[in-house]
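Quick notes on the structure that follows.
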Amino acid sequence: MIELINVSGQAGAESRHPLGSNGDTAEVMGTAVRADHTVTFGLPKIGTMLYPGCELCGTLHVCPISFPRR
């Protein structure tokens with residue numbers, strides 16, 4: 001399925017981090033989606049900032065959410 005998404009030629013978007021990549025380590029686990037845009041909430045995930053995961057994200061959009069004050 002991931003390979004079909006990648007070769008479809010259609011724009012792709014992901015939530016949190018690209019499917020098939022590890023959001024904590026940026027490791028690609030087999031085949032991963034190459035997204036045009038990735039939306040994450042609060043703060044970017046480590047896996048969207050490090051290689052090779054960062055190359056799969058396309059444009060990274062960080063959407064603010066409310067974090068409680070300590």
Side-chain angles (χ1 to χ4, degrees):
M1 182 63 130
I2 292 173
E3 292 170 355
L4 291 174
I5 293 170
N6 287 337
V7 300
S8 72
Q10 300 296 313
E14 288 289 331
S15 173
R16 298 181 306 147
H17 56 87
L19 183 65
S21 69
N22 186 307
D24 294 325
T25 66
E27 176 185 10
V28 175
M29 301 176 296
T31 304
V33 169
R34 291 192 172 275
D36 296 303
H37 297 272
T38 299
V39 178
T40 190
F41 302 93
L43 297 169
K45 309 302 179 266
I46 292 171
T48 63
M49 306 297 289
L50 300 176
Y51 180 82
C54 63
E55 288 194 335
L56 301 170
C57 292
T59 304
L60 181 63
H61 305 273
V62 180
C63 296
I65 59 173
S66 297
F67 288 114
R69 293 182 187 213
R70 290 189 169 202

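- If you take CG on Asp36 and OG1 on Thr59, they are separated by 8.0 Å, rounding to the nearest 0.5 Å.
- Looking at every heavy atom in both residues, His61 comes nearest to His37 through NE2-ND1, 2.9 Å.
- Thr38 is listed as a side-chain neighbour of Leu60, based on a closest heavy-atom distance under 4.5 Å.
- Shown here for Ser21 and Ala32, the closest heavy-atom pair between the two residues is N-CB, 4.2 Å.
- Contact between Leu56 and Val28 at its shortest, heavy atoms only, is CD1-CG2, 3.7 Å.
- To the nearest 0.5 Å, the span separating OG1 on Thr31 from CG on Leu19 amounts to 10.0 Å.
- Smallest separation of non-hydrogen atoms from Met29 and Asn22: CE-N, 3.9 Å.
- Taking each heavy atom of Leu50 and Ala26 in turn, the nearest pair found is O-CB, 3.4 Å.
- Both Val39 and Leu43 belong to a common hydrophobic cluster when Ile, Leu, Val, Met, Phe, Trp and Tyr are linked at side-chain heavy-atom distances under 4.5 angstrom.
- Here the closest non-hydrogen pair linking Pro44 and Thr48 is CB-OG1, 3.8 Å.
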